[in-house]
Structure formats: structure tokens, C-alpha cells
Amino acid sequence: MHIPEFSELASVDAIEAGFDRLGYICSEKIATAVFLAARLGKPILVEGPPGVGKTELAKTAATLLALPLVRLQCYEGLDEAKALYEWKYGKQLLYTQVLKEQLGDLLQGARGLAESVARLHDFGDIFYSEDFLEPRPLLTAMRQERGAVLLIDEIDKADHEFESLLLETLSDYQVSIPEIGTIRARSRPLVFLTSNNTRELSDALKRRCLHLYIPFPSRVLEERIVQSRVPEVATALRQQLVAFVHSLRDLDLRKTPAISETIDWARSLVLLHVDELGENTARSTLNILLKFEQDIETAEASLPELLRAGA
Amino acid sequence: MDSSLVGFVRILRSHDLRVSPAETLDAMAAAEALGFGDRERLRDGLAATLVKSRREEEIFRVLFERYFDHSAGDFAGAGAFGEGEREGDGEESTTEPPPATEAAGDGQGGGASGESGESGDPILNRAATESDTLRELLASPLMQALLGGKRGELSARLRRAGRDAGIDDIRLFTQKGQYARRILTAMGEEQLRGAVIDLERREDPAIDRLRSYRDLLREQVRDYVDAQYLLHAEGHNRQFMDDVLAKTRLSNIEQHYTARVRELVQRMARKLASRHRPRQQPRRRGRLDMARTLRAGIPNDGVLMRTHWRQRRKDRAQVLALCDVSGSVAAYAKFLLIFLYSLQDVLPRMRSFAFSSHLGEVSGLFEEEPLERAVELVNWRYGGATDYGASLRDFARLALNDINRHTSVIILGDARNNRGDPELPIMQSIYQRSKQVIWLNPESRRAWGTGDSEMHRYLSTCHFAAECHNLRQLEKVVDQLLRSVR
């Protein structure tokens with residue numbers, strides 16, 4: 001297995017700067033985790049509330065390293081046939097039918113049953129060879145010549161069994177196929193797993209990963225993120241809207257607005273040519289930040305205080 | 001470095017963080033890759049390798065501050081991390097003036113002159129001309145360090161002596177004096193004491209000076225032992241306490257400990273649930289069973305008319321739990337409800353019921369309300385005098401039709417029915433329909449069937465009955481139960 005150097009990830013500062021250039025403003029904690037993942041060759045398990053940029057982190061890393069991003073979206077019922085590999089059954093069936101015609105020719109001249117069988121044995125397991133293998137994301141990532149960034153998204157949505165299936169891939173970067181043998185990664189991939197913590201992951205999985213928790217960003221960090229993503233927003237408005245979102249997060253809401261929502265909101269305010277956040281604008285655009293009717297009602301009730309916090 | 005990291009891992013473990021040896025190795029590799037120049041970065045890096053959840057991260061941070069601050073701040077030079085990284089950490093040691101220098105400085109200020117530490121204390125020097133023991137003492141490295149206020153060297157000696165004395169094993173408050181004594185001896189306090197006795201005999205005026213140095217040393221050692229005690233013993237003592245609580249009768253646990261027990265119960269439920277997670281959901285189609293498909297084709301001259309698919313068996317295990325919340329079991333009910341609440345959080349196909357004079361389903365309540373409020377509401381709505389007959393009739397109405405061979409029914413109660421109708425037929429039909437009926441009774445087996453207890457009659461309709469009055473038993477029984485559920 002080739003172990004890539006990742007010159008872009010040579011130091012924590014280099015990672016911070018590189019991500020910054022790509023518009024992903026990260027805290028030092030995130031950069032440290034990425035650095036260690038590249039250095040120690042371990043997967044990172046990224047946890048945190050939805051919308052703080054867990055998936056984006058993997059995408060940005062792929063862009064920075066100019067490596068293909070192989071993504072495996074997890075869901076209930078996901079199994080090895082969807083994640084690892086599957087046999088091309090259609091092709092197998094078709095070939096057995098077509099080759100049946102050939103069988104007579106092949107066995108011509110064979111004396112007795114024993115010799116015919118011996119001759120058949122010589123063909124080996126053609127139907128279970130790599131030609132009939134349909135690679136799924138995990139195997140695809142192993143087969144990349146220059147390495148890849150493998151993103152296993154929302155692992156908490158997958159079943160418990162699936163976690164165990166991942167263990168081999170995550171610790172040894174290999175996939176075992178009973179009919180063929182073990183396929184090792186050509187080049188060690190950089191692996192990100194994300195979880196929204198809808199359930200506890202198993203200890204075995206956690207032990208194989210570095211752990212990174214991304215919380216909602218601090219005000220300063222979030223302002224930088226908005227600045228990098230929506231540069232059109234004036235400084236005063238940016239500070240105001242970030243402060244507003246931050247005080248919104250302190251309310252008791254069903255779904256707390258995340259960074260992605262802050263960015264969407266900033267974009268809409270730019271489109272609406274808003275220079276200053278007033279009560280009316282805030283009220284009419286709250287639906288961008290909040291996704292539940294009862295949350296919007298809660299926020300509307302305390303709108304003046306929320307705005308004052310931003311001032 | 002490595003040994004101090006290992007020490008740190010040991011402390012993490014004693015505070016309930018499960019750190020494997022492989023992770024320890026990772027942490028070492030991480031520390032090496034990151035260097036020791038940046039404390040924050042080192043902390044983040046170690047956290048990434050050693051910590052597995054957000055809860056653990058908080059504990060980790062507190063312990064990191066305690067452990068490494070103390071070794072970095074107090075032990076300049078020969079501290080936890082060898083010489084190299086001290087430069088980067090320099091600000092750490094200069095920002096807070098350590099007590100050692102201060103105290104030593106005071107002692108000197110009280111002396112005749114403000115001379116530098118190198119030349120020692122003039123009063124003692126004068127006295128030394130008359131006493132051999134004192135002269136020897138003054139030449140010893142320990143005394144040199146004390147006189148010079150060389151905090152770094154003193155701390156290094158202290159640390160070394162501490163390690164030799166096995167301070168890492170300190171567990172009990174009462175061991176503090178013993179360890180302090182051992183460390184003092186290892187540091188060569190004997191000699192100092194000898195000199196004090198010598199001066200006392202001669203009634204030399206320098207005795208007070210020497211005594212103040214001795215007290216300074218003792219104070220240092222005491223502080224060190226205190227800090228080590230906090231670090232090493234706290235986690236262990238908590239584990240010990242947890243152990244004791246788990247074995248105590250639930251009704252005997254004092255109010256004072258309820259919070260702690262609640263945490264224990266939740267942790268236990270989490271553990272059990274993660275061990276007994278329901279199996280994978282059935283797949284829609286499964287994988288093609290090549291062997292069967294080919295075999296099925298043989299009668300048709302090899303034409304594959306039908307495909308066969310491998311399917312997994314559906315896993316429809318369901319748990320129904322009934323919890324008695326009447327006055328007679330009030331002390332237990334509180335914990336059992338917490339337990340059910342935590343369990344329902346993680347077992348998807350679980351329904352909970354509460355009863356005393358009548359019965360109702362509380363699954364919805366458990367899902368919507370936070371724990372404290374849910375338990376309170378359940379007690380308020382369903383608490384009262386026990387009537388097993390009426391409760392079972394309610395249960396039959398609510399859930400009897402849902403009971404099938406995949407269902408396990410757990411009943412938590414003392415079976416004290418106030419001489420009412422036990423409604424045995426309902427229990428019998430539950431018994432016949434379900435996979436298993438399990439009765440957990442907080443009373444001890446000897447009390448079953450005495451007075452108004454219907455336990456013996458109900459026993460005939462249970463697959464399994466056990467007494468269950470502390471957490472350990474509860475965990476064992478439920479573990480067994482869940483294993484058989486699959």
C-alpha cells in the first residue's frame with residue numbers, strides 16, 4: 001500500500017491556511033485533527049449538530065488535496081452490497097446462458113466423464129473474478145491509484161451491523177471478498193466519518209477513529225465564515241446578523257439554526273438589498289433561519305430582545 | 001514524556017474514560033507529530049486520540065488542565081516533558097509565581113542581607129562553623145536547592161521522590177501522611193532533622209532559621225501530596241462509590257445519592273442497550289442466491305426461470321414493560337422508571353406502562369418529556385393503591401392483541417394486591433401468547449406469598465421471576481432478558 005505524503009497537510013498552520021483559501025474557515029482544533037489523521041493514517045469521526053460543516057470538511061479536504069471524493073451516504077438498511085461490492089448477477093446469468101453453447105466444443109475429444117470434469121476445472125472460477133465485480137464506494141476508494149478522500153456520511157443512520165462491516169476497512173484499509181480474497185488499498189485514503197449523534201456508535205468503531213466534535217462556531221469565527229462565503233455583506237450587517245443568530249441559538253428551539261442557515265440568510269439579505277437588520281426584515285425572513293412553525297413563533301415573540309442583542 | 005503520558009492515561013481511566021493501549025500509542029504518536037510548543041494544540045491533538053464523545057471531552061479538558069498544568073507549572077526544567085519543550089512553555093512557569101520561591105524569598109528577606117541564593121544564608125553559615133552536621137547539611141543538594149529558592153530543582157527532587165514512594169497508588173485520605181513521610185525521607189529530610197536537633201542541643205540562635213526551612217520543605221511536600229491525592233484518588237473513589245451504590249438496596253439509598261444513582265442507572269441502560277441493539281432491518285430483496293437459482297434451473301434444462309434471493313429473517317423483538325408505581329414500592333419505582341425511560345430511549349420497539357389502581361401507557365410521555373418531569377407525571381397520574389386485577393384488565397384492553405411470539409413482557413412489582421381479584425386468566429393468556437413473561441419483584445423471595453402477596457399464584461404464569469432490589473441485580477436480569485429477546 002502506498003502511503004501518500006499530503007504535502008498540503010504538512011502542518012496545522014498549512015491546513016488552516018489551505019482551507020481558508022478554499023473558503024472553509026476552520027478552528028485550530030479542526031485543523032489539528034485533520035493533521036493528525038493524515039499523519040497517523042487514522043479515520044476521523046466528526047460529530048456535531050447538523051449544519052456545522054462536517055460534510056463540507058471532507059469535501060474541502062478533497063479539493064485541497066486534488067483527490068477524488070468518494071462518498072458513501074448511510075441510511076437504514078445499507079448493506080455490504082451497497083457499500084462494498086456486489087457481483088454483476090445479470091452478467092453472470094447472461095454468460096452462463098451464452099457459454100452453455102460453447103460447452104460442447106470445449107469438451108470435444110474428452111474421454112470419459114472424469115476427463116471432462118478435469119477439463120472444466122481448468123477454467124477456474126471465471127464467474128467470480130474481478131471482471132464480474134461491481135465496486136461500491138468503499139471498494140472504489142481502495143482502488144484509487146493516487147488515494148482518495150473517503151466520506152462516510154451520517155454513519156449513525158446506518159445499522160449496527162454495518163459498523164462492524166466498516167471495521168476492517170477503517171483499520172487496515174482493505175476489503176475482504178470471500179470469493180477472491182483480500183483487496184488492499186492501492187494508496188491509503190483519507191477517511192472522514194460524520195455523525196449527527198442520533199444514536200451511540202459502537203466502541204469498536206470509535207476506537208479506530210480520531211474523535212472530533214465540531215460545535216457551533218464562536219461569533220468571531222462565524223463572522224469570518226460569513227465574510228468568506230458571502231463577501232457582499234457589509235461589515236455592520238454581518239456583525240448584526242451573526243449576533244442575531246447567536247442569540248437565537250440560546251432560545252429553546254426544535255431545530256437550532258446552523259452555519260449553513262446563517263449563510264443562506266446572509267445571501268437572502270444581500271438579494272433583498274438590506275443594509276440594516278430591522279424588525280420587519282427579520283420577521284419576514286425568519287423562515288430562512290427556522291424550519292418549524294413553532295420555532296418561528298417563539299422567535300417572533302422575543303424578536304425585539306434578539307435584535308437588541310445584535311446591536 | 002512517555003511515562004507522564006501513560007500516567008495521564010491512567011488518570012483518565014480512573015475517571016471512567018475507556019482508553020485502550022492502542023489509543024495510548026496513538027496519543028504518543030500525535031504528541032510527537034504536534035510537538036510540545038503549543039499547549040492548546042497538544043491538548044486538541046491528545047483529545048482527538050483519547051476521547052470518544054463530547055461528554056468525555058469535557059472530563060478530558062478538566063483533567064488535562066489539572067495534570068499537565070501542575071507538572072508544567074511547578075516543575076520547571078526537569079518537568080513532565082523533558083528539557084526541549086520547556087522553552088515554548090516558558091510563559092507558563094513565569095506567569096504565576098509559585099509558592100516555593102515566594103516562601104523562600106520571605107525567609108531570606110527576614111535574614112540579615114538580600115544576598116543571592118548562591119552564597120546561602122549568612123546566619124546559618126555562621127552557625128555552621130560550629131556544627132559539623134549543619135556544615136554537611138548546607139553542602140547537600142537538597143539544602144542548596146532550598147537555600148537558593150531553586151524551585152525547579154526542588155520540584156524535580158520532589159517529583160522523583162514521589163515516584164519512588166509510589167504516590168500514584170494513593171487511594172485513601174488517611175494515606176496522605178504516610179506518603180508525605182516517605183517522600184520527605186527519600187528527599188533526605190533526615191539530615192535536616194538531625195541538624196535541627198543538633199542546633200537545639202546547642203541552643204544556637206540559628207535554629208529558627210533552620211526550622212523555617214524545614215517547615216517550608218514540609219509544606220511543599222504536603223501540597224504535592226494533596227494535589228496527587230486529588231488527581232489519583234478522586235476517580236477511584238468515585239468508582240468505589242458507584243460499586244457500593246450498585247449493591248445497595250434501592251429503597252435504602254439516601255436522597256443525597258439519588259442524582260448519582262440516576263446517572264448510574266442511565267449509564268447501565270445505555271450499556272445494556274448498546275449490547276442488545278436490535279438486529280438489522282430486513283432488506284427489501286436481499287442478495288441473489290446464485291446456488292439456489294442455478295439449482296432451480298436444472299429441471300428446466302439450465303434455463304433460469306426463477307431467481308432466488310437470500311433474505312434475512314425479520315427481527316421483530318418487542319418489549320412491553322409494566323411498572324408498579326404504588327405506594328408500597330415507591331422507593332423502587334423511582335429508579336425503575338428512570339431505568340425504563342433510559343431503556344426506551346434506545347430500544348425502538350419498547351412500550352412502557354405504569355400502574356397502581358389502574359394502568360396506562362407511558363411510552364408517549366417518556367418520548368416527549370424530559371426525564372424528571374416524565375417520572376413525576378407518571379407518579380402523579382398512576383400512583384395510588386395497588387389493584388393488580390384492574391390494572392391487568394386495562395393492560396389486556398390496551399396491549400393484549402399486540403402480544404405475539406416475539407414479545408417479552410417484563411413486570412416490575414411486588415404483587416401485593418390488597419386482597420383483590422388477581423385476574424389470573426389474563427396473566428395466563430399473556431403467558432400463552434408471549435415469548436416470555438418476566439417478573440421482577442423488589443421483595444426478597446422469602447416474603448413472596450406472605451400476607452396479601454399474590455406472587456406465588458402469579459409465579460405459575462411467568463417464565464422467569466427474580467427478586468430485584470438493587471442495580472446490580474437489575475442489570476443482570478435485564479441483560480439476560482435482552483439476550484433471550486433475540
Side-chain angles (χ1 to χ4, degrees), chain A residues 11-13 27-42 44-45 47-48 75-82 86-87 89-90 92-94 96-97 100 103 127-128 158-163 171 179 195 197 199-213 215, chain B residues 18-20 22-23 25-27 29-35 38 40-58 60 270-271 273-290 293-294 297 301-304 307 309-310 312 345-346 348:
Chain A
S11 76
V12 178
D13 299 314
S27 61
E28 189 176 313
K29 190 174 153 195
I30 299 177
T32 307
V34 173
F35 169 73
L36 285 178
R39 186 62 78 86
L40 305 183
K42 297 199 82 178
I44 309 185
L45 172 63
E47 288 187 320
Y75 51 85
E76 223 172 280
L78 176 70
D79 59 10
E80 51 190 353
K82 298 271 164 41
E86 193 163 25
W87 293 105
Y89 299 120
Q92 279 174 335
L93 285 177
L94 185 68
T96 46
Q97 295 307 302
K100 214 160 63 173
L103 221 53
F127 288 115
Y128 286 103
D159 311 294
H160 191 56
E161 273 76 4
F162 183 72
E163 280 178 32
S171 55
E179 292 88 347
S195 159
N197 247 335
R199 67 176 176 85
E200 278 284 301
L201 299 174
S202 73
D203 278 353
L205 183 77
K206 285 182 167 178
R207 228 181 13 244
R208 281 166 177 80
C209 301
L210 299 177
H211 181 264
L212 172 66
Y213 181 84
Chain B
R18 270 182 288 168
V19 180
S20 70
E23 282 164 323
L25 289 175
D26 284 343
E32 206 167 296
L34 289 167
D38 189 334
E40 302 259 305
R41 196 170 281 180
L42 182 66
R43 187 190 60 205
D44 289 344
L46 290 182
T49 49
L50 293 172
V51 156
K52 282 179 280 312
S53 71
R54 208 182 165 199
R55 186 186 68 88
E56 290 188 356
E57 190 167 329
E58 275 159 29
F60 172 88
R270 236 189 352 243
K271 194 168 96 192
S274 72
R275 205 184 303 161
H276 301 285
R277 207 173 297 280
R279 290 252 167 91
Q280 193 179 3
Q281 300 286 313
R283 290 189 233 152
R284 245 166 282 136
R285 197 172 59 170
R287 290 181 76 173
L288 181 70
D289 189 338
M290 205 53 189
T293 306
L294 286 172
D301 196 21
V303 180
L304 306 175
T307 50
W309 301 88
R310 248 183 233 138
R312 286 228 186 142
D345 250 5
V346 274

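Proteins come first, then strands; the chains are lettered A, B, ... in the order of their sequence lines, and each starts at number 1.
- For a residue to count as touching a neighbouring chain, one of its non-hydrogen atoms must lie under 4.5 Å from one of that chain's; by this rule Arg18(B) touches chain A with the side chain only.
- A salt bridge links Arg41(B) with Asp13(A): the closest approach of a Lys/Arg side-chain nitrogen to an acidic carboxylate oxygen falls below 4.0 angstrom.
- Inter-residue side-chain proximity for His211(A) and Arg54(B) is flagged as unmet; no heavy-atom pair is nearer than 4.5 Å.
- When heavy atoms are compared at a cutoff of 4.5 Å, Arg39(A) approaches chain B solely by way of its side chain, counted from C-beta outward.
- Salt bridge status for Lys52(B) with Asp203(A): absent, with no side-chain N to carboxylate O gap under 4.0 Å.
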Check your understanding: Stepwise, does the side chain to side chain contact (heavy atoms under 4.5 Å, CB included) test hold for Leu40(A) with Thr49(B)?
Key -> CA-CA 10 Å; Leu40(A) 305 183; Thr49(B) 49; 4.1 Å; yes
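- Taking the side chain as every heavy atom from C-beta outward, Thr293(B) and Tyr89(A) never approach each other to under 4.5 Å.
- Using a 4.5 Å cut-off between heavy atoms, Leu36(A) touches chain B through its side chain atoms alone.
- In this structure, Ser53(B) and Glu47(A) approach most closely via the heavy-atom pair CA-OE1, 4.4 Å.
- When the candidates Lys42(A), Arg208(A), Gln92(A) are compared by the number of heavy-atom contacts under 4.5 Å with chain B, Lys42(A) comes out ahead.
- Per-residue heavy-atom pair counts under 4.5 Å with chain A were compared for Ala33(B), Gly45(B), Ala47(B), and the maximum is reached by Ala33(B).
- Residue-environment remark: CD (Glu32(B)) stays at or below the threshold of 12 foreign heavy atoms within 6.0 Å.
- Of the two parts of Phe162(A), neither the backbone nor the side chain holds a non-hydrogen atom closer than 4.5 Å to a non-hydrogen atom of chain B.
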